[in-house]
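Working notes, beginning with the structure itself.
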Amino acid sequence: MNKKYGIIEIGSNNTKTHIYEDTEMIYDKTTTIEFKKNYKNNGSISNTDLEKLYKEISKALEYTENIHIYGCSIFRNISDIELEQINDTLKDKFNLIIEVVSQEEEATLTAMGCYQNIDYDGPLCIFIGGGGSIELIFVKNKEIFGRKFYNFGVVDITSKYPELKEDIPKVTFDEVTEYVNSLIGNLEYKANAIVLTGGDHLYWFNNALYQVDNNTLYKSNRQKYMIQTEKIDIYDHDMMVSSLEKIRNRSDNPTWFDGSRAMRIIANLITHKIGADVVIPTNINMEDGLKDRFKN
């Protein structure tokens, strides 16, 4: 008999729902729910945001009752009492609860989804970008040799520079980069390539019409593409003087692009700080590591 199961990963800015039948994904949905931004405004998780989450859970339950919900980033920061209240409601409505995942576990699972099935012996930096946190895992020969965790993310950058969400911002690439650099500080690890995970980084490049090349470092169905750093520098400076509205209009989730420039600036700076020549954009996330857990 085929086994169906669902994974809902709740981030600070995006909630990802995937349903599997055995190893085949049969439902794939990313919904922008701005939990962190609204939490900062309200001092608690917004009821409106929770209602949006309930709709995603209801849709997932149309496929299977075997649903696993994981809370990241902002859910690590709310009080135990607030989490308990949310879970009491979820249990009443759906007989489900949110399992909060630590920053280290989220990073480790995501990194496993990148390196465990590839044949590459050079040093890689696995960048896990989110709305409320950034994690870096450094791997060589399938062994982790470094970790760096940061308690800021895209939402923090767009809160300081809200004009990054506008069609063409007045703030400059260098100004935002200087601020992000002050948050990152020293970064002692180096890597030949940086793998972008934690969100759908290909969604940005595809809708922005920026060309990507085939990955020639190694073969992977989940990591098919790469971009030379010198080329991505051109793209990242171009995005600050090009219309964001045109990019939004090409997409099926316009709100997703609120954080797109901030994410690119963070990733660009880290790419240079670690000396990476190649950027590998993916839509790999924590779920890719979780799938192996379910298999076992």
With a 4.0 Å cut-off on N to O distance, would you call [X] and [Y] a salt bridge?
| X | Y | result |
| --- | --- | --- |
| D236 | R264 | yes |
| K59 | E62 | yes |
| D288 | R222 | yes |
| D49 | K36 | no |

Query raised in the report: Do Y115 and I284 sit in the same hydrophobic cluster, where Ile, Leu, Val, Met, Phe, Trp and Tyr count as joined when their side-chain heavy atoms come under 4.5 Å apart?
Result: no

Just so I know, are the side chains of [X] and [Y] near enough to count as touching, which here means a heavy-atom distance under 4.5 Å?
| X | Y | value |
| --- | --- | --- |
| I232 | T271 | no |
| T31 | T17 | no |
| M25 | I19 | no |
| K224 | N221 | yes |
| K37 | K40 | no |
| I10 | I69 | yes |
| T172 | M240 | no |

Counting N and O atoms only, with roles assigned by atom type, does the side chain of [X] sit under 3.5 Å from a partner on the main chain of [Y], one being a donor and the other an acceptor?
| X | Y | value |
| --- | --- | --- |
| S260 | F257 | yes |
| N215 | L217 | yes |
| S133 | N151 | no |
| Q116 | M112 | yes |
| Q103 | Y150 | yes |
| D258 | K165 | no |
| D167 | E245 | yes |
| D22 | E24 | no |
| Y235 | Q211 | yes |
| N207 | Y203 | yes |

If you take all heavy atoms of [X] and [Y], which pair is closest and at what distance?
| X | Y | value |
| --- | --- | --- |
| G71 | I98 | N-CG2, 3.5 Å |
| A276 | I194 | CB-N, 4.0 Å |
| Y39 | N77 | OH-O, 4.3 Å |
| S242 | I168 | O-CG1, 3.8 Å |

Give me the ring orientation class for [X] and [Y]: parallel if the planes are under 30° apart, tilted from 30 to 60°, perpendicular past 60°.
| X | Y | answer |
| --- | --- | --- |
| Y63 | Y27 | tilted |
| F75 | F35 | perpendicular |
| Y179 | Y161 | perpendicular |
| F94 | Y54 | tilted |

For residues 123-131, please give each side-chain donor-acceptor pair under 3.5 Å, one per line with the distance, not counting sequence neighbours.
none

Whether the [X] and [Y] side chains hold a donor-acceptor pair (N or O, under 3.5 Å, no angle test) is what I'd like checked.
| X | Y | value |
| --- | --- | --- |
| Q223 | Y218 | yes |
| H68 | E99 | no |
| T32 | N253 | yes |
| N95 | K91 | yes |

Query raised in the report: Do K4 and Y20 meet the cation-pi criteria used here (NZ or CZ under 6.0 Å from the six-membered ring centre, within 45° of the axis)?
Result: no

Report task. Applying side-chain hydrogen bond (donor to acceptor under 3.5 Å, both in side chains), run through N192 and D277 and close with a yes or a no. Result -> CA-CA 6 Å; N192 297 341; D277 298 321; over 6 Å; no

Requested in this report: Evaluate the criterion side-chain hydrogen bond (donor to acceptor under 3.5 Å, both in side chains) for residue pair K273 and N181; output intermediate values, then yes/no.
Outcome: CA-CA 9 Å; K273 289 178 82 75; N181 191 40; 2.8 Å; yes

Report task. Just grab all the salt bridge (charged side-chain N to carboxylate O under 4.0 Å, His left out) pairs involving residues 144-155, residues at least two apart or on different chains. Result -> K148-E188

**Report entry** Separation of E51 CD from E56 CD (nearest 0.5 Å)
**Finding:** 12.5 Å

Report task. With sequence neighbours excluded, tell me which residues meet side chain to side chain donor-acceptor pair (under 3.5 Å) with R261. Result -> none

Query raised in the report: Should we count CG of D92 as having more than 12 external heavy atoms under 6.0 Å?
Result: yes

